[in-house]
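See below for the structure under consideration.
Every heavy atom of this structure was used, including side-chain atoms; hydrogens, water molecules and symmetry mates were not. All chains are named by letter (A, B, ...) in the order of the sequence lines, taking the proteins before the strands, and each is independently numbered beginning at 1. Note that this is a predicted model, so its numbers are computed, not measured.
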2 protein chains.
Amino acid sequence: VLINGKTGDSLAATDRGLLYGDGLFETLAVCDGTACLWHRHMQRLEQGCRRLGMEAPNATDLANEAARLVEGRDRGILKIIVTRGSGGRGYRPDPGAPSRRILQLFPSPDYPADWGQFGVELRFCTTPLAANPVLAGIKHLNRLEQVLARAEWDTPGIAEGLMADLEGRVIEGTMSNLFLVSGGELTTPPVDRCGVAGVMRALVLDLASRLGIPARIAEIRRPDLQHADALFMTNSLIGIWPVRQLERWSYDIAAIPDRLRKAVEQYGFAAGDVGSVSW
Amino acid sequence: VLINGKTGDSLAATDRGLLYGDGLFETLAVCDGTACLWHRHMQRLEQGCRRLGMEAPNATDLANEAARLVEGRDRGILKIIVTRGSGGRGYRPDPGAPSRRILQLFPSPDYPADWGQFGVELRFCTTPLAANPVLAGIKHLNRLEQVLARAEWDTPGIAEGLMADLEGRVIEGTMSNLFLVSGGELTTPPVDRCGVAGVMRALVLDLASRLGIPARIAEIRRPDLQHADALFMTNSLIGIWPVRQLERWSYDIAAIPDRLRKAVEQYGFAAGDVGSVSW
């Protein structure tokens, strides 16, 4: 663990990340000594800091620290947490306070190898996502909803759970974004009232546009899921997970455009490719 | 700072309180070597742990650790944080994992002495409170809404800001609960969709009942505030703050029942009184 560039595995008990969840994080795939989609993650982190009124960490420091951690690592996860540091008075932040950066390296998740190829099984979660336009889209540290939703099941065969807002709009998975395929067109829910604006979600939308695959951001409700040709989930570690089964509904994985899956694999997971970081 | 009973001011960087805001806290007034309203705070903490599916800390350990910290202290704040500890896999909590308790002692806030007596000035915040029945009422560590709301002003004369949900229901202050007085009756908003079930709010409701002052839990909207005789804010550190002014509206502090204010002062702030802790 690197905290503000120094090795150490502990943190001030006064850190506002602990006290209030006052901060942000990014989770990056590490492949062959580089952190994938680095610039996209850094861009989202900066936007998040701006929206929370936090000082963004120095970009060069962050890149150097990440490079130290991932150097020589074949695979893994780089987690970057940025908090508003210590200080302020109660909830009130100290306007000039420097943020604190915490970088941690973890082993890659040991998901079954066939999930990416042959698809996963999903369930519906009952824990709702609260709507707040001020926080929506940001990958902030207030994640109790996701913790409670993920605690709803422990069946190893179920890869992910879908979460909806209080009005029944299906928004995302506990740790991934949702795409629906219908008649060759992609749909993913808006994240302007709740949900996280995933880096892989953005990449998929960009790639779809480049590949001429129609894609739109629109509300998704349960009947839309029932009648879809295919579903898939995205995040920066898994790339794309096709959905084989959602509760009692089955899907045709072949309806997911193959060139999209191939393009994502190239971008997100092969070191040296266009999307990987060059320090 | 005591972390699981041991002196130390730092915390594992893997603590789920930091990673996800996966935990709870209590803020207690310390007076003459005791922590006020101890049993009420402990009851709320236990209820919160149950609702989050977290192991509650051992009650005796917690009481002993609190006693060590507050012993001989004239005044101050005791902050108790309980997190789900380290571990689990991503958002998924480890079901049997022991919780971690972090106790910190702070000096009393230096609010102007006349705020409690002659009242405070409030403003409206624009940061909304998101509705989520699963989290409502719990004093959990996901407090970004309060941080952003409190960052909206830095005028020293303004003591507190009122927060509303997305439908315009006024719920609470950033760090306190709201009561309205009209025709001798008290009203405080429900906290079953958003907001914190404050310990002082519960005490005020109990005292009102004992004193024969009519009180109800009901929705409050801006026009209700405009036409109220009086308003007051409550929390475990301030007891009651009468409201002198809210934006352009002025209030008659004398409309707050004097015996209620006296009863709260006795309960919350005088050591040795009925409400204070006996270890």
Taking 4.5 Å as the heavy-atom cut-off, does anything in residues 93-108 of chain B contact chain A, and if so which residues?
B:Pro93, B:Ile102, B:Gln104
So for A:Pro109, is it side chain, backbone, both, or neither that comes closer than 4.5 Å to the heavy atoms of chain B?
neither
Side chain proximity check, B:Asn132 to A:Pro128, heavy atoms < 4.5 angstrom
yes
Residues A:Asp154, B:Arg89: salt bridge by 4.0 Å N-O rule:
no
Does anything in residues 170-177 of chain B reach chain A? List residues with heavy atoms under 4.5 Å apart, or say none.
B:Thr174, B:Met175
Hey, which of B:Arg143, B:Arg150, B:Gln146, B:Glu145 is the one that makes side-chain contact (heavy atoms from CB on, under 4.5 Å) with A:Tyr20?
B:Arg143
Within 6.0 angstrom of B:Glu247 CD, more than 12 heavy atoms from elsewhere
yes
Contact leader toward chain B among A:Leu11, A:Asp165, A:Leu129, A:Thr126, where contacts are heavy-atom pairs under 4.5 Å
A:Leu11
Residue pair B:Asp22 / A:Leu144: nearest heavy atoms and the distance that separates them
OD1-CD2, 3.5 Å
Go through A:Arg193, A:Arg92, A:Glu152 and name the one with the most non-hydrogen pairs under 4.5 angstrom from chain B.
A:Arg92
Heavy-atom count around A:Arg222 CZ within 6.0 Å, excluding the residue itself: above 12?
no
Chain B contacts, top residue of A:Ala151, A:Ala13, A:Ala12, A:Gly21 (heavy-atom pairs, under 4.5 Å):
A:Ala13
Which atoms of A:Leu19 approach chain B - backbone, side chain, both or neither, heavy atom under 4.5 Å
both
Residue, of B:Gly23, B:Gly17, B:Ala149, that accumulates the most heavy atom pairs under 4.5 Å with chain A:
B:Gly17
Examine whether an atom of A:Leu135 lies under 4.5 Å from a heavy atom of chain B, and if so say whether it belongs to the side chain, the backbone or both; otherwise answer neither.
side chain
Contact origin within A:Thr83 toward chain B - heavy atom pairs under 4.5 Å:
side chain
A:Arg123 atom CZ: more than 12 heavy-atom contacts under 6.0 Å:
yes
Flag if over 12 foreign heavy atoms under 6.0 Å of CZ, B:Arg73
no
Are B:Val147 and A:Arg84 close enough that some pair of their side-chain heavy atoms sits under 4.5 Å apart?
yes
Quick one: which of B:Thr14, B:Leu166, B:Leu18, B:Val134 has the most heavy-atom pairs under 4.5 Å with chain A, could you say?
B:Leu18
Is it the side chain or the backbone of A:Leu141 that comes within 4.5 Å of chain B heavy atoms, both, or neither?
both
So for A:Leu52, is it side chain, backbone, both, or neither that comes closer than 4.5 Å to the heavy atoms of chain B?
both
Tell me, side chain or backbone of A:Asp9 under 4.5 Å from chain B's heavy atoms, or both, or neither?
backbone
